[in-house]
Amino acid sequence: MNIRYLDCKKQETELYNEIWELSEELDRLYIEGKDATGTIQRFGEVLEEFLLFRQQGGKGPLVKSNPKP
């Protein structure tokens, strides 16, 4: 297989996983009645990153603006 393809699939999977984890965290915070402002902000950033990744056809590097706490 093409290494570039594997790199793109890895980046895509990382973004999917982060979106899933943040979604789960938002559900948990909502159920617990806690402030989710930071998680919502990070969720938006990851969605923007995913959109950019898809618009570039999976060709751009995966750049994380803020590391996960």
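Counting from 1, the numbers follow the sequence of the chain as shown. In what follows, every heavy atom counts, from backbone to side chain, and hydrogens, waters and symmetry copies are set aside.
- The distance from the CZ atom of R42 to the CG atom of L47 is 10.0 Å, given to the nearest 0.5 Å.
- At a threshold of 4.5 Å between side-chain heavy atoms, the hydrophobic network of Ile, Leu, Val, Met, Phe, Trp and Tyr places V46 and I40 in one connected group.
- We find the CZ-CD distance between F43 and E18 to be 10.5 Å, quoted to the nearest 0.5 Å.
- Tested against T39, the residues R28, E21, E25 include a single side chain to side chain donor-acceptor pair (under 3.5 Å) partner, E25.
- Between the CG atom of N17 and the CG atom of L22 there is a distance of 11.0 Å, given to the nearest 0.5 Å.
- For L29 against D35, the heavy-atom pair with the smallest separation is CD1-O, 4.0 Å.
- Here the CD atom belonging to E24 is positioned 6.0 Å from the CG atom belonging to D27, to the nearest 0.5 angstrom.
- At distances below 3.5 Å, not a single donor-acceptor pair connects side-chain atoms of S23 with backbone N or O atoms of I19.
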